[in-house]
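Below is one structure, written out as structure tokens; comments come after it.
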Amino acid sequence: MSDWKKNCAWYESAVFYHIYPLGMCGVEKHRADLDPKDTPRRHFAQMEQLIPHMKRLGMTALYIGPCFESEGHGYETIDYYKVDARLGDNAGFRHFVDACHAADIRVVVDGVFNHSGRGFFAFEELRKHREGSPYRDWYCNVNFGGNNEFNDCFSYEAWHGYNILPRLNLWNPAVRGYLLDVIRFWVKEFDIDGIRLDCADVLHFDFMKEMRQLANTIKPEFWLMGEVIHGDYSRWVNRDTLHSVTNYELHKGLYSGHNDHNYFEIAHTIRRLFGNGGLVRDGKLYTFVENHDVNRLIDKVKDPAHMKNIYRIAYTLPGIPSVYYGGEFRMHGVQANGSDDAIRPAVSLADYAALAEKEKDFVDFLAMLGRAKKELAALSVGSYEERVLTNRQFAYARCHEGQTVLVAANNDESAACVNVRAEDGQYVDYATGKKYLCENGIVSVELAAHDGILLVKGGWEFSGKGADDAVNAQGNAEPQGSANAECSCGAGTEAAPQGSANAECSCGAETKPSAAVDIIANTSTNETPTSPQDAFAVLAKDHRFSGILIKESVNTENILDEVTVHKAELWKTDAVPRYWTALYFTADAEDFPEKLSHVMIADADRGGNWFADFKGGDTKYIVFRDKVFSYRVGDAVAKAAVCEECRKLGITDKEMKWTE
């Protein structure tokens, strides 16, 4: 099959992870409660440690917001040129975006342009100078003969009547120009890949068209997605306005269609939106089952067993699927007493690890769907055709260039045989590899209660990587890991230069290379290395990860299937064990650090907490059993944070003298 991803924009095949950072990080409810003497917060550095978890789920994009400096919940902006101090500073956010990009994850932020907070400079100037303010026309329907609950001695239009959110006058060219400059700043300063427009359903259409013109030039494939609840989505999604909007129509159908045993509701929504003559036939809407404004899915379905089919359908129908943080753990949360706290909970890295273990089956299921979106072109750019529709059974086909993906779902308390119209030939269950033969235009599948299936024909071969083979998510709440040599003391080792008699472990133990085999070859460069050691350094430049792995530091040889060994040395040490097998390796799998973390030894009788250190580009990785840390070389603050985590694991400062 052709390299289909090169022929479509990144967002057309994206799977989004959605974070509400003020809630997830458990920050103060009001910025006024933040102690100005506090050192800059490091929540963005903590969020970097979620990148392996996102990768494990198959996420290719992150929607994080709101991030603008604000007074409370994030949507009452007071400074469009700063990130919220309760989360961190601008430098920390840029580092976070760069880390996401290094992991091939795009970053989209909230753009709150319909209204500002009362602490925004223009509104403060209006309060101070009233009729004489140069910003009197920056807000809608300002009436100096009125008043409000803040006793401003004037009134103004606000979002839904909430006077903490005065509505900006987007008919004013000066306001539009200011906000367009804000977008330019966030692209230049942070290298963001798109903006989710808050309250797009009430934004000025001319302003959105100006944003689209800017998006077309400011950065290749810069994405504009709007929050729209009801209405004709084509008014917003077209060549002149936005690329996408939130698909609230499908969101409602996904859970109510299952609760009511009514697949007709979902099928009708898809026909209305994407069928022949559909409202957004050629558009890609943002598909969600949860977000920061609605109750958690598990609290809306009548039976939690519905949840897999809901996500299976959300991932495979036309659209851009997303997971709201905690959704992968089937987290509960219901709005109550006017508060959104329950649906925007604080979740620590330790919580992520515990929840990933508790809900491993569901996490593995979403990871399988993420792999399917990555590997199967038809799920992103293929046509859609309904094949079976009853109240309780639903099947459809996604087709692209000879590849057909059949998706079938059974929304019944009993098993059901579903006969799906299809082209004759052999189909393969994407999750298990089981083969199905289609004869006489029908492929029959037996589906258990509340179960479903993805069958694939053409352009793909089953690799055997099912949910049972996926990486355990327990360690994925830590930063991406490393793969270097480890001393039995728990420290990384530093190989001696070629020809040197000794190497020194970072714990101070002397190591002696007793033998060496497989001298480096096949360097993919025109540079002429002066020694095998130099040759390895040159070769490593062309690979994602490179370093030295001590074979005795892992509890299975299976990890060696993930690396290419270019040279091996036998080192004699003063530690336990006395002899180490040092493997000079390169690795290219994105999840290699995670896999390595699950096979590292953490056994008091075998040397305690071993760790490995290695590099990937300009990033240093430190890997323990089920824990992966990373920092950018040269970033002293991030390195210090990693060292502190190592100390908690019993590693001494002397042992942390790994090379960079």
Side-chain angles (χ1 to χ4, degrees), residues 14-26 47 50-65 105 108 110 196 225 227 246-248 250-259 285-317 319-335 340-349 351-373 450 452 467 470 473-474 476-477:
V15 180
F16 271 85
Y17 196 64
H18 174 193
I19 290 175
Y20 179 81
L22 297 173
M24 190 186 78
C25 297
M47 281 186 273
L50 294 178
I51 290 175
H53 176 71
M54 289 188 275
K55 295 295 292 183
R56 184 257 185 282
L57 287 172
M59 302 299 166
T60 61
L62 170 67
Y63 157 37
I64 178 171
I105 295 174
V108 173
D110 257 317
R196 177 262 193 190
M225 187 267 286
E227 179 194 23
T246 50
N247 196 347
Y248 268 89
L250 179 59
H251 160 71
K252 189 268 179 185
L254 285 172
Y255 67 84
S256 63
H258 283 82
N259 284 343
L285 302 186
Y286 182 82
T287 305
F288 66 96
V289 299
E290 296 177 340
N291 67 23
H292 63 297
D293 288 324
V294 301
N295 291 337
R296 292 287 184 168
L297 178 63
I298 197 168
D299 295 306
K300 291 194 291 191
V301 293
K302 293 179 179 178
D303 187 338
H306 294 323
M307 294 179 68
K308 283 191 174 181
N309 268 341
I310 289 175
Y311 272 99
R312 181 182 284 110
I313 291 171
Y315 267 75
T316 57
L317 283 175
I320 303 168
S322 67
V323 174
Y324 180 50
Y325 82 102
E328 68 271 40
F329 307 134
R330 303 197 306 165
M331 188 174 286
H332 289 267
V334 176
Q335 297 161 311
D340 292 318
D341 289 352
I343 61 174
R344 305 173 179 181
V347 185
S348 69
L349 296 174
D351 292 334
Y352 262 86
L355 290 167
E357 181 65 21
K358 178 183 177 182
E359 292 288 345
K360 183 179 184 301
D361 177 67
F362 201 72
V363 172
D364 286 344
F365 173 72
L366 291 183
M368 179 274 292
L369 293 177
R371 291 193 301 272
K373 277 287 292 184
H450 306 297
Q474 183 174 358
N476 288 352

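Values reported hereafter were calculated over all heavy atoms of this structure, with side chains retained and with hydrogens, waters and symmetry mates removed. Index from 1, following the sequence.
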Compute the centroid of each ring, for H53 and then for Y352, and state whether the two points are separated by less than 6.0 Å. yes
Can R344 be said to sit on top of Y20's aromatic six-ring, NZ or CZ under 6.0 Å from centre and within 45° of the ring axis? yes
P321 and A14: which non-hydrogen atoms are nearest, and at how many Å? CD-O, 3.5 Å
Starting at NE2 of H258, measure out to CG of N309 and round the result to the nearest 0.5 Å. 4.5 Å
Could you tell me whether a side-chain N or O of S322 sits under 3.5 Å from a main-chain N or O of Y17, the two making a donor and an acceptor? no
Among V15, L50, I51, which residue satisfies the side-chain contact (heavy atoms from CB on, under 4.5 Å) criterion with M59? V15
Just verifying a value: how many Å separate D361 CG and L366 CG, rounded to the nearest 0.5 Å? 10.0 Å
L57 and E328: CA distance, side-chain angles, deciding distance, side-chain contact (heavy atoms from CB on, under 4.5 Å) verdict: CA-CA 9 Å; L57 287 172; E328 68 271 40; 4.1 Å; yes
Could you measure the distance from the OG1 atom of T287 to the CD1 atom of I320? Nearest 0.5 Å is fine. 7.5 Å
Provide the closest heavy-atom pair for N291 versus Y248 in the form atom of the first, atom of the second, distance. ND2-OH, 3.2 Å
Kindly determine whether M225 and T246 satisfy side-chain contact (heavy atoms from CB on, under 4.5 Å), including the steps that lead there. CA-CA 7 Å; M225 187 267 286; T246 50; 3.7 Å; yes
d(R330 CZ, L355 CG) to nearest 0.5 Å is 11.5 Å
To the nearest 0.5 Å, how far apart are NE2 in H292 and CG in D340? 8.5 Å
Spatial distance of atom CZ (F365) from atom CZ (R312) [nearest 0.5 Å]: 4.0 Å
Does any N or O in the side chain of Q335 come within less than 3.5 Å of the main-chain N or O of D293, such that one atom is a donor and the other an acceptor? yes
Looking at P345, is its backbone amide N or carbonyl O close enough to the side chain of Y325 to form a donor-acceptor pair, meaning the two atoms are under 3.5 Å apart? yes
Test I343 against E290 for side-chain contact (heavy atoms from CB on, under 4.5 Å), laying out the working first. CA-CA 9 Å; I343 61 174; E290 296 177 340; over 6 Å; no
Sub-4.5 Å side-chain heavy-atom contact between I64 and M47: yes
Shortest non-hydrogen contact between G65 and P21, atoms and distance: O-CD, 3.2 Å
Mind checking side-chain hydrogen bond (donor to acceptor under 3.5 Å, both in side chains) for H450 and listing every partner two or more places apart, or none if nothing turns up? none
Residues K358, F329; criterion side-chain contact (heavy atoms from CB on, under 4.5 Å); working and verdict: CA-CA 8 Å; K358 178 183 177 182; F329 307 134; over 6 Å; no
Any donor-acceptor pair under 3.5 Å from N259 side chain to K300 backbone: yes
Just one of Y255, Y324, F362 clears the ring pair (Phe, Tyr, Trp, His ring centres under 6.0 Å) bar with Y311, so which one? F362
Report the residue from H332, H306, M331 that forms a side-chain contact (heavy atoms from CB on, under 4.5 Å) with I298. H332
Do R56 and V363 touch side chain to side chain, with heavy atoms closer than 4.5 Å? yes
